[in-house]
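Right, one structure below, let's go through it.
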Amino acid sequence: MGTYKCCIFFTRRFALSDASTPNDVRALFTRYAAGAPYMGADELRRYLATSGDTDATVDTVERIVDQVLQERSRTPRFGRPAFTVDDFHYFLFSEDLNPPIYHSKEVHHDMNAPLSHYFIYTGHNSYLTGNQLSSDCSDIPIIKALQIGVRVIELDMWPNTSKDDVDILHGRTLTAPVSLIKCLRSIKEYAFVASPYPVIITLEDHLTSNLQAKVAKMVLEVFGDILYYPESKHLQEFPSPEALKGRVILSTKPPKEYLESKGGTMKDRDIEPQFSKGENEEAAWGIEVPNIQDEMQAAEKHEDDLLYRQRDVEEDDEQKMCQHHPPEYKRLITIKAGKPKGAVVDALRGDPDKVRRLSLSEQELSKVAARHGRSIVSFTHKNLLRIYPKGTRFDSSNYNPFLGWVHGAQMVAFNMQGYGRSLWLMRGFYKANGGCGYVKKPDFMMQTCPDGNVFDPKADLPVKKTLKVKVYMGEGWQSDFKQTYFDTYSPPDFYAKVGIAGVPSDSVMKKTRAVEDSWVPVWEEEFVFPLTVPEIALLRVEVHEYDVSEDDFGGQTALPVSELRPGIRAVPLFDHKGMKFKSVKLLMRFEFV
């Protein structure tokens with residue numbers, strides 16, 4: 001029984017008993033128990049087999065039954081270990097025994113294709129602890145990123161104040177530096193705690209040749225035999241994640257500070273004069289993720305010479321590397337990268353004799369994609385494309401990652417130190433493939449038809465699969481939140497938002513009604529989502545508490561549609577920073593038609 005004060009005259013008391021078992025759960029129990037009041041291990045195994053868990057052995061099922069009875073402090077009532085309908089409900093609502101996705105900790109994609117065939121978990125300015133202008137630089141954000149499975153770490157290298165060593169900082173800002181050697185040592189220590197697959201260090205290079213030679217020496221001393229670099233000068237195809245298991249590789253472009261006129265860095269040129277409306281993520285859980293189709297249409301309306309203009313670069317990147325990089329530094333660079341000479345559309349044609357990495361800001365990608373989407377997809381068949389946040393994201397906010405993913409961009413670089421809906425999608429996407437940080441692209445994104453055509457992100461595609469999602473109920477807020485966190489005078493009024501993030505035609509959000517005055521809301525509402533590209537779609541789930549003034553945040557998750565387990569599942573929720581709640585979860589059903 002919960003007690004809430006109302007004004008100063010009286011109190012209201014609300015029952016806090018558990019909600020009843022959903023009717024669908026009771027129907028399943030009756031069906032598989034054949035009308036009996038209990039369900040034994042054999043019946044449970046039959047249920048698991050029909051819901052997709054075909055590899056459940058007799059021993060596994062018996063352990064499940066024993067664990068549930070032990071956790072519920074129950075002794076067998078029917079002469080042998082067996083479930084009552086409440087035990088069955090408890091099992092279904094257990095995130096450990098009945099998780100929402102397959103292979104949550106197993107790598108199951110083919111890892112023997114070239115790196116260009118994978119989406120790679122990528123960080124931006126990985127050393128920053130906060131905003132882009134004045135926060136401290138540290139190895140701690142790098143460590144945290146590696147611990148959650150990020151595989152691409154970005155370091156901006158600058159000479160220290162005495163010009164005799166290398167610091168990591170965001171240039172021309174008030175950010176306090178951290179030493180390069182400290183960052184490298186932390187990368188080595190934590191590189192493979194979350195995944196055995198390769199870590200790529202992208203270096204933003206602002207160094208003189210003598211400091212580059214010093215960097216080469218540091219890198220070799222720190223990483224030793226785990227540093228991979230090829231024998232050949234140019235790669236015609238990138239190695240596979242499997243071949244690079246346990247290795248660290250470098251990717252960089254020529255130093256701009258000493259090769260270009262003092263007109264500011266490329267990043268500076270991408271900066272716009274002000275924020276666009278609604279892009280400052282001030283809400284506790286961030287703004288709604290913008291639709292990528294709207295972004296591309298807006299970019300197409302603005303005539304810009306970006307697509308065809310000549311860049312302010314006088315020489316080809318390769319020539320600059322040969323002229324300015326000391327040989328001991330140059331030979332360590334596996335993935336050669338940089339801005340293109342000339343127009344972006346020319347760079348997207350690629351080079352049949354060598355592969356490389358191209359970097360574009362989110363704005364540049366939007367503008368190029370508006371007219372040349374298929375050229376981008378074709379480029380990413382062999383080459384790597386890195387997308388990074390535009391320069392005005394001083395608060396370390398992020399963009400819609402699907403802007404890059406639908407065009408085949410492997411490295412969609414995000415500020416990992418922030419939070420908000422865009423970052424929720426990023427973390428949800430890389431739950432796929434065992435959370436190893438590499439997600440293989442769908443085959444259709446890597447194919448070229450006999451007529452030369454490739455996947456068109458703007459094409460009007462037919463529905464390939466329909467996902468039905470039913471939200472039964474939720475629980476756990478009373479354990480993880482203070483009694484008066486949501487409302488001072490009564491229990492919370494929760495509602496759930498359920499939707500899809502993916503290609504524009506698939507992206508949508510829907511919501512349930514608000515259930516008043518309940519810590520254990522029961523919605524039992526179903527939603528239908530037709531999907532044209534289910535292979536890269538994410539299921540989005542959020543819970544909010546209704547308030548007259550401003551709704552409160554109650555949890556969120558994003559799950560790869562391709563890895564959803566059909567049937568009734570327990571779905572754990574996470575806070576706005578991406579940390580899993582101890583108790584908060586939903587009971588949901590997934591069905592593919």
Side-chain angles (χ1 to χ4, degrees), residues 107 109-124 126 145 149-154 195 197-203 228 235-244 247-253 292 334-340 344 347-348 350-351 354-362 364-365 368-369 373-389 398-414 416 425-427 429-430 432-433 435-448 454-455 457 533 535-536 560:
V107 175
H109 292 180
D110 175 14
M111 303 301 284
N112 291 294
L115 287 177
S116 58
H117 290 231
Y118 300 85
F119 299 114
I120 310 173
Y121 205 172
T122 303
H124 172 255
S126 306
V150 172
R151 297 291 84 194
V152 182
I153 299 296
E154 182 185 26
S195 168
Y197 292 98
V199 168
I200 302 170
I201 305 175
T202 59
L203 300 172
Y228 172 85
L235 290 174
Q236 292 186 317
E237 184 179 74
F238 289 116
S240 70
E242 188 66 32
L244 294 171
R247 307 298 290 271
V248 172
I249 58 181
L250 300 184
S251 177
T252 190
K253 52 190 173 184
I292 61 175
T334 298
I335 302 175
K336 295 177 173 61
K339 293 279 187 176
V344 175
L348 291 174
D351 187 326
K354 57 187 176 183
V355 291
R356 64 190 181 96
R357 170 172 70 83
L358 176 67
S359 287
L360 298 175
S361 71
E362 58 176 291
E364 290 176 318
L365 178 63
V368 178
R374 286 190 292 184
S375 297
I376 300 171
V377 173
S378 181
F379 176 82
T380 63
H381 284 184
K382 289 185 63 178
N383 301 280
L384 298 179
L385 178 60
R386 175 179 172 269
I387 310 302
Y388 59 90
N398 290 297
Y399 50 100
N400 186 343
F402 280 95
L403 180 66
W405 291 332
V406 300
H407 292 95
Q410 297 89 349
M411 298 180 176
V412 178
F414 259 37
M416 298 295 171
L425 298 185
M426 175 67 69
R427 288 174 173 162
F429 189 84
Y430 285 103
N433 199 25
C436 75
Y438 285 83
V439 174
K440 197 167 189 300
K441 295 184 191 179
D443 290 341
F444 66 80
M445 295 190 80
M446 301 302 298
Q447 294 169 347
T448 302
V454 298
F455 172 68
V533 188
E535 294 88 345
I536 63 171

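Residues take their numbers from the sequence shown, with the count starting at 1.
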**OP:** Could you tell me the separation between the CG atom of Leu425 and the CZ atom of Phe414, rounded to the nearest 0.5 Å?
**Re:** 7.5 Å
**OP:** Mind listing the closest non-hydrogen atom pair of Ile120 and Leu115 along with its distance?
**Re:** CD1-O, 4.2 Å
Original post:
Looking at CG of Leu348 and CG of Leu360, how far apart are the two atoms once the value is rounded to the nearest 0.5 Å?
Top reply: 7.0 Å
**OP:** Locate the shortest heavy-atom distance separating Leu365 from Leu403; write the atom from each residue and the value.
**Re:** CD2-O, 3.4 Å
Subject >> Check: Tyr228 main-chain N/O paired with Thr334 side-chain donor or acceptor under 3.5 Å >> reply: yes
Original post:
Under a 4.5 Å cut-off applied to non-hydrogen side-chain atoms, are Met111 and Cys436 in contact?
Top reply: yes
**OP:** Quick one: pull up CZ in Phe444 and CD1 in Ile536 and give me the separation to the nearest 0.5 Å.
**Re:** 6.0 Å
Original post:
Any side-chain heavy atom of Ser378 within less than 4.5 Å of one from Thr448?
Top reply: no
Subject >> Qualifying residues under side chain to side chain donor-acceptor pair (under 3.5 Å), relative to Tyr430, sequence neighbours excluded >> reply: none
**OP:** Could you pull out the closest heavy-atom pair between Pro389 and Ala413, with the gap in Å?
**Re:** CD-O, 3.5 Å
Original post:
Is there side-chain contact between Ile335 and Phe238, with heavy atoms separated by less than 4.5 Å?
Top reply: yes
**OP:** Could you check Arg357, Lys336, Arg386 and say which one makes a side chain to side chain donor-acceptor pair (under 3.5 Å) with Ser251?
**Re:** Arg357
**OP:** Report the distance from atom CD1 of Ile153 to atom NE2 of His124, rounding to the nearest 0.5 Å.
**Re:** 12.5 Å
Original post:
Within the distance-only criterion (no hydrogens, no angle test), does the side chain of Lys441 pair as donor or acceptor with the backbone N or O of Ser116 below 3.5 angstrom?
Top reply: yes
Original post:
So how far is it from Leu203 CG to Glu154 CD, rounded to the nearest 0.5 Å?
Top reply: 9.0 Å
Subject >> Spacing of CG belonging to Leu385 relative to CG belonging to Leu358, to within rounding of 0.5 Å >> reply: 5.5 Å
**OP:** Identify, with sequence neighbours excluded, every residue that meets side chain to side chain donor-acceptor pair (under 3.5 Å) alongside Arg427.
**Re:** none
Original post:
Do Met411 and Tyr388 pass the side-chain contact (heavy atoms from CB on, under 4.5 Å) test, and can you show the C-alpha distance, the side-chain angles, and the key distance before you say yes or no?
Top reply: CA-CA 8 Å; Met411 298 180 176; Tyr388 59 90; over 6 Å; no
Subject >> For the student: nearest non-hydrogen atoms of His381 and Met445, plus distance >> reply: NE2-O, 3.0 Å
Subject >> Whether Gln410 side chain and Asn383 backbone form a donor-acceptor pair below 3.5 Å >> reply: yes
Original post:
For the residue pair Met426 and Pro401, what are the closest heavy atoms and their distance?
Top reply: CE-CB, 4.2 Å
Original post:
Yes or no on side-chain contact (heavy atoms from CB on, under 4.5 Å) for Tyr197 and Arg247, after CA distance, side-chain angles and deciding distance?
Top reply: CA-CA 7 Å; Tyr197 292 98; Arg247 307 298 290 271; over 6 Å; no
**OP:** Over all heavy atoms of both residues, which pair between Glu364 and Ser359 is shortest? Give the atoms and the distance, please.
**Re:** OE1-O, 4.4 Å
Original post:
Are the side chain of Arg151 and the backbone N or O of Tyr438 linked by a donor-acceptor pair below 3.5 Å?
Top reply: no
Subject >> Lys440: partners by side chain to side chain contact (heavy atoms under 4.5 Å, CB included), with sequence neighbours left out >> reply: His109, Asp110, Ala113, His117, Tyr118, Asp443
Original post:
Which word best sums up how the rings of Trp405 and Phe429 line up, parallel for under 30°, tilted for 30 to 60°, or perpendicular for over 60°?
Top reply: parallel
